[in-house]
Amino acid sequence: MATDQPEYILGTSDEEIQRLEFQHQVWIDSVLPLWEDAGFGVGQDILDLGCGPGFASLDLAQLVGPEGNILAVDVSGKYISFLNQRIKDTGIKNIHTEVSDVHALDLPDNSVDSVFARWVLCFVKNPGEVISEAARVLRPGGALVVMDYFNYKAVNIFPNRESFSQLFNAYYLSLLDHGGTYDIGQLLPQIISDNDLEIVSLQPINRIAQPGSDIWKWLLLFTESYLPKLIEGGYLNLSDQKTLMKDFEAAEKDPGAFFYTPPVIGIVAKKL
């Protein structure tokens, strides 16, 4: 129905799946309070919208128990195949998968209790359509949980070096050229409200980490995956890469260095 990625700027390689699994482990503690606020629980039918390889889907399946169901939807056939293999290997019975464009879901109106979308809307070309589809398939009183970037230019490594600012700016510009934006969270409350969803809570999600921490490793893995594409796209050059690696090495030896992650917004909304 849908092809593999135009939505995935980093592609869908095996290495990217491993990176996403680590990312899920690093950020799950920021997700759980949102699920709790939304009332995700036993017996629910939950749509994991833009599920990727399905690491959140697997956690949600445990949360809803055998009485509930998870529908994991993603544009990438490779990611859905990966999740299907995990389902087979673990014997999970309550996850159902579908390769589909998140802009046009093959689901009836009012068919799910809750929808979860993490780091999806920043990558799509029309986030309003995606939110509209989420609102359509939600049952009255159902919950939408969104977690996404909202003020990306605040990200940095301190003490600041020019190469770090250059790197984060390159990330920002490359996604704009791809058709998305790392500032999507600034627009989401209005988009959500325009689709007859009532916002229950808006939560800032900010992390600070020093070298050697899991958050720092998350940054390094992201840079390792993204940097070749930035060079290929002309956002950085090989000289920039050399300087950046040297500065990363210096920061890792600096006891005063720390990484302020891109600010994220957590949104819980209910269908009226």
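Owing to the predicted nature of the structure, the values given are computational and were not obtained by experimental measurement.
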Treating [X] as the side-chain partner and [Y] as the backbone partner, does any N or O pair qualify as donor plus acceptor under 3.5 Å?
{"X": "K125", "Y": "G179", "answer": "no"}
{"X": "T181", "Y": "D183", "answer": "yes"}
{"X": "S174", "Y": "Y171", "answer": "yes"}
{"X": "N160", "Y": "N156", "answer": "no"}
{"X": "K271", "Y": "A135", "answer": "yes"}
{"X": "S193", "Y": "P189", "answer": "yes"}
{"X": "N110", "Y": "V137", "answer": "no"}
{"X": "Q186", "Y": "F150", "answer": "yes"}

**Request:** Group every Ile, Leu, Val, Met, Phe, Trp and Tyr by side-chain heavy-atom contacts under 4.5 Å, then state whether I131 and L272 land in the same group.
**Result:** no

**Same apolar cluster: F258 and L219, side chain cutoff 4.5 Å** =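 Hydrophobic grouping puts F258 apart from L219.
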
**R19/E16 salt bridge by N-O under 4.0 Å criterion** =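 Here E16 pairs with R19 in a salt bridge, since their nearest N and O are under 4.0 Å apart.
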
**Prompt:** Charged N to carboxylate O below 4.0 Å: is that the case for E133 and R136?
**Reply:**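 Judged by the 4.0 Å cut-off on N to carboxylate O distance, E133 and R136 do form a salt bridge.
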
**Asked** How about Y182 and Y172: are their ring centres within less than 6.0 Å of each other?
**Response** no

**Item:** E67 atom CD, over 12 foreign heavy atoms within 6.0 Å
**Value:**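 Above 12, so yes.
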
**Message:** Run S100 and D106 through side chain to side chain donor-acceptor pair (under 3.5 Å) and show every step you take.
**Reply:** CA-CA 7 Å; S100 178; D106 187 20; over 6 Å; no

Pairs under 3.5 angstrom only: tabulate donor-acceptor contacts from the side chains of residues 204-212 to other protein residues two or more places apart or in another chain.
residue: N206; atom: OD1; partner: Y260; partner atom: OH; Å: 3.3
residue: R207; atom: NH1; partner: S30; partner atom: OG; Å: 3.4
residue: Q210; atom: NE2; partner: P255; partner atom: O; Å: 3.2

**Stepwise salt bridge (Lys or Arg N to Asp or Glu O under 4.0 Å) test for K78 and D14** = CA-CA 9 Å; K78 180 172 181 178; D14 292 344; 3.1 Å; yes

**Option among I80, I70, D74 that satisfies the side-chain contact (heavy atoms from CB on, under 4.5 Å) test with T97** =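 The residue from I80, I70, D74 that satisfies side-chain contact (heavy atoms from CB on, under 4.5 Å) with T97 turns out to be I80.
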
Distance check, rounded to the nearest 0.5 Å: [X] atom [atom1] versus [Y] atom [atom2]?
{"X": "L230", "Y": "Q166", "atom1": "CG", "atom2": "CD", "result": "10.0 Å"}
{"X": "T90", "Y": "L58", "atom1": "OG1", "atom2": "CG", "result": "6.5 Å"}
{"X": "S132", "Y": "L197", "atom1": "OG", "atom2": "CG", "result": "9.5 Å"}
{"X": "L32", "Y": "W27", "atom1": "CG", "atom2": "CH2", "result": "13.5 Å"}
{"X": "I46", "Y": "L63", "atom1": "CD1", "atom2": "CG", "result": "6.0 Å"}

**Prompt:** What's the verdict on side chain to side chain donor-acceptor pair (under 3.5 Å) for N237 and Q241, showing C-alpha distance, side-chain angles and the deciding distance?
**Reply:** CA-CA 6 Å; N237 58 42; Q241 180 183 25; over 6 Å; no

Run the side chain to side chain donor-acceptor pair (under 3.5 Å) test against [X] and tell me which residues pass, sequence neighbours left out.
{"X": "W218", "value": "Q23"}
{"X": "Q62", "value": "none"}
{"X": "D59", "value": "H24"}
{"X": "N94", "value": "none"}

**Item:** side chain to side chain donor-acceptor pair (under 3.5 Å) between N69 and H96, worked out
**Value:** CA-CA 8 Å; N69 290 285; H96 308 279; 3.3 Å; yes

Taking the side chain as every heavy atom from C-beta outward, state whether [X] and [Y] have any atom pair closer than 4.5 Å.
{"X": "F116", "Y": "L60", "result": "yes"}
{"X": "L238", "Y": "K242", "result": "no"}
{"X": "D240", "Y": "M245", "result": "no"}
{"X": "M147", "Y": "L34", "result": "yes"}
{"X": "I192", "Y": "I267", "result": "yes"}
{"X": "Y226", "Y": "I231", "result": "no"}
{"X": "I215", "Y": "V26", "result": "yes"}
{"X": "F259", "Y": "V155", "result": "yes"}

Return the set of residues passing side chain to side chain contact (heavy atoms under 4.5 Å, CB included) with [X] (not counting sequence neighbours), or none when no residue passes.
{"X": "N169", "answer": "L173"}
{"X": "T243", "answer": "S163, D247"}
{"X": "Q25", "answer": "E21, F22"}
{"X": "A251", "answer": "R161, F164, W216, A257"}

**Message:** With side-chain hydrogen bond (donor to acceptor under 3.5 Å, both in side chains) as the rule and sequence neighbours excluded, what pairs involving residues 145-155 come up?
**Reply:** none

**Request:** Output every pair passing side-chain hydrogen bond (donor to acceptor under 3.5 Å, both in side chains) with a member in residues 31-43, not counting sequence neighbours, ordered by first then second residue.
**Result:** D37-Q203

**By salt bridge (charged side-chain N to carboxylate O under 4.0 Å, His left out) - contacts of D45 (at least two apart)** =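 D45 satisfies salt bridge (charged side-chain N to carboxylate O under 4.0 Å, His left out) with R139 only.
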
